[in-house]
Amino acid sequence: HLKAAFQASPDRDPVRILLATDAASEGIDLQESCCRVINYDIPFNPNRLEQRIGRVDRFGQRRPVHVAHFVGAGWESAPQGSYEADLEFLSRVAEKVAQEREDLGRVNPVLAQAVEARMLGRPFLEDPFSSQPAAQLVRAERDLRDQVARLRQQLSRSTEQLHVAAPNVRRVVDTALSLAGQPTLVERADGLFEPPNLTRGWERTLEGIEDPLDPMVRRPLTFDAERAGPDVVHAHLGWRLVDQAQRLLRSALWGEQATLSRVSGVSAELPDDVRPGEFLVTVLTRLLLVGSDGARLHEEVLLAARAVPPTGRSRRLEVEERRFEALRRSVEAALDPGACRPAPLLARHRLAETWPEVKDFLVSDISARAEQRKAALERDLSRRLAEDLSRVDAITEHMRRTLTDALKGPMPVQLRLGQLDEPERHQLEADREAWQARLDNLGRQRDQERSAIERRYTGVRSLSFPVAVLLVTRPERP
C-alpha cells in the first residue's frame, strides 16, 4: 500500500517522501511520480548504488533524475583514511556511477572492483576515476543497444503485419465475452473501458484490477499501451482477460461444433488485379510445420484467393506474391474494425451459387501454396538447426568451464567461533561431488541434446487448416 501511495499522483495521496533501506533498492518501480534520490549513506559497492538510482532512473521516467548525497563538512582538508575523506571519495564514486549509467547503462566492473579494494584497504591496480571502460565492454554494450533497436523494429513490423492493434484486441475480447454470455466492455467518454461484472469463472480474469489505494474501486482498462499507468490497466495480449478470450475464440474456430461463422462478406476498394464485375473469394489457412517429435517449428496464416467473374471459370490470384501486395493490403484493411463493411446481398448470393465449383479449386490452391511455402522455409529450418546445435555446444562448454573453475577453486568455508560448522561442511562436500558428477556426464548430455534436435528437424511435416472464407467485393456505387 505504501509503494502504491508513493507511486500515485499527488492529487490522490499526500505521501511524497519514501524512507527506505537497501531492501527497496531492487525489484520495485518508483519512477511514476518520483525523480529525486537522496543517499543518506553511500554504499562502497557501486553496483548497489546503481540499483538504488535504478528505482527511478528507468523506462517510463519522464523527467530528469536528480541524485544527491552528503559529504563531511571538512572534506577538503580531511586526512587520508578519515571518515570525511572516505565520504568525499564515495561522493566522487557516485558521480562516476551516474556518468557510467549515462554512457553504458550500467556500472563498469573495473570501477566496482577498484572501489571495493580501496574501501577495504586492499591494493588496487587501476584508478577508478581515470580508468576507461574496456573496449570489449563498450563494444558489447553497443551491440546490445543495436540488438534492442532491431528487436523494437521487428516488434513494430510484427504488430503491423499481425494486426495486433488496440481496436482488434478489443474486438477479440468483445466477441469472446458475447460467445460466453458475459456482459461486454463499456467505453467511457475518455476512451477507457469500465470492467464488466463477469461470472462463471471469467471473474478470475479480472483479478488484480482493484485500485491499490482503494480495493473497493476497480481501475479502468485500456488496449493502448500509451495510456496505461498506475491508475489504468493495460489489457495486452498476455493479460488474463485477453488470453482467456483468445483461447475461447481458438476453441470456437477449431472445435467440432463451430460457434463462429467461418464465412464473411465485406466491401473494399480493390486494385485492378480484380477486374470489373469480378468478386474475390479468399481462404485464410493456418499453416503448421511440425518436427518429427511433434514440436511446432513454424506457424503462419496463408491466403489463397480466386477472382470469380460473372460467367466462366474463376482464376487464381497469388496474393502472397509481391506483385499482388496491394491486393493483399486491401483484403487485410477491409477487416479492420473501422473499415469493415458488409458485402452487398447480391454478391453473397452469387458466392453461394458458385461455391461448389470454386471450392474444389480453392482446395487445390491451398495444397499447392502450403507445399511452396514449406519448400521456401527449408533454408530457414536448416539455419535454425545449425543455430540450435551451436547453442547446445556453447551452453555445454560454458557449463564445463564453470564447473571446472569451481572444482579448482578453494573450498569456501563459513567459520563459527573459530570452528567450521559441521553440517555446512558436509553440504559443501556434497555440492562438490555433485559438480564432479555433472562434469563427468556433460559430454553424454550434450550428445543426447544434439541427437534430439537433429531428430526434430528430420521429416518435417506441413499441416494446413482452412480457417475462414472471405468474400470481398467493391462497394456499391450510388
Side-chain angles (χ1 to χ4, degrees), residues 1-10 13-73 75 78 80-124 126-129 131 133 137 141 144 208 212-213 229-230 412-416 421 424 427:
H1 180 84
L2 184 62
K3 189 188 87 169
F6 186 67
Q7 279 277 79
S9 59
D13 197 283
V15 173
R16 295 298 94 196
I17 299 175
L18 179 66
L19 302 179
T21 66
D22 271 338
S25 68
E26 294 186 42
I28 61 174
D29 300 333
L30 300 174
Q31 76 277 14
E32 187 65 31
S33 299
C34 176
C35 62
R36 294 179 176 87
V37 178
I38 300 176
N39 289 297
Y40 183 77
D41 69 325
I42 303 178
F44 67 75
N45 186 331
N47 295 305
R48 181 172 295 179
L49 179 60
E50 179 199 17
Q51 288 289 340
R52 289 185 187 179
I53 301 172
R55 296 313 92 210
V56 298
D57 186 13
R58 60 194 303 103
F59 290 114
Q61 177 61 261
R62 298 180 295 274
R63 294 150 301 215
V65 174
H66 300 278
V67 181
H69 49 266
F70 298 99
V71 293
W75 61 269
Q80 182 71 24
S82 65
Y83 180 68
E84 289 79 6
D86 286 345
L87 281 179
E88 188 273 334
F89 174 80
L90 289 176
S91 72
R92 290 190 287 140
V93 169
E95 293 180 0
K96 184 72 173 179
V97 167
Q99 184 62 47
E100 294 208 345
R101 280 182 61 85
E102 180 105 10
D103 296 339
L104 296 177
R106 63 184 179 89
V107 173
N108 181 4
V110 174
L111 172 66
Q113 296 167 6
V115 171
E116 184 171 349
R118 159 70 169 76
M119 296 305 296
L120 293 177
R122 300 170 181 166
F124 58 97
E126 297 191 47
D127 183 351
F129 303 114
S131 62
L137 177 63
E141 293 288 347
L144 179 60
L213 297 180
V413 296
Q414 178 66 45
L415 298 181
R416 294 288 186 269
D421 187 78
E424 192 163 307
Q427 181 61 52

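Quick caveat: nothing in here was measured; it's all calculated off a predicted structure. All residue numbers in this chain count up from 1 along the given sequence.
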Who are the side-chain hydrogen bond (donor to acceptor under 3.5 Å, both in side chains) partners of Arg52, not counting sequence neighbours?
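Testing Arg52 for side-chain hydrogen bond (donor to acceptor under 3.5 Å, both in side chains), a comparison that skips the adjacent residues, returns Asp22, Asn39, Asp41.
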Who are the side-chain hydrogen bond (donor to acceptor under 3.5 Å, both in side chains) partners of Arg63, not counting sequence neighbours?
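With sequence neighbours excluded, Arg63 shows a side-chain hydrogen bond (donor to acceptor under 3.5 Å, both in side chains) to Gln61, given in chain and number order.
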Closest approach of Ser33 and Arg16, non-hydrogen atoms and distance?
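What the structure gives for the nearest pair is CB-NH1, 3.6 Å.
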Where is the tightest heavy-atom contact between Pro212 and Ala4, given as atom of each residue plus distance?
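Minimum heavy-atom contact is CB-CB, 3.3 Å.
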Test of understanding: with side-chain contact (heavy atoms from CB on, under 4.5 Å), list the residues that count as partners of Leu18, not counting sequence neighbours.
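Testing Leu18 for side-chain contact (heavy atoms from CB on, under 4.5 Å), a comparison that skips the adjacent residues, returns Leu2, Phe6, Leu30.
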Would you please test Arg55 and Ile28 for side chain to side chain contact (heavy atoms under 4.5 Å, CB included) and show each step?
CA-CA 6 Å; Arg55 296 313 92 210; Ile28 61 174; 3.9 Å; yes
Any donor-acceptor N/O pair, Gln7 side chain to Asp29 backbone, under 3.5 Å
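Looks like yes, one N/O pair under 3.5 Å.
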I'd like to know if Glu32 pairs up with Arg58 as an ion pair, taking the criterion as any Lys NZ or Arg NE/NH1/NH2 lying under 4.0 Å from an Asp or Glu carboxylate oxygen.
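The answer is no: the pair does not qualify as a salt bridge.
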Which residue, Ile53, Val56, Asp57, forms the side chain to side chain contact (heavy atoms under 4.5 Å, CB included) with Val67?
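The single option meeting the side chain to side chain contact (heavy atoms under 4.5 Å, CB included) with Val67 is Ile53.
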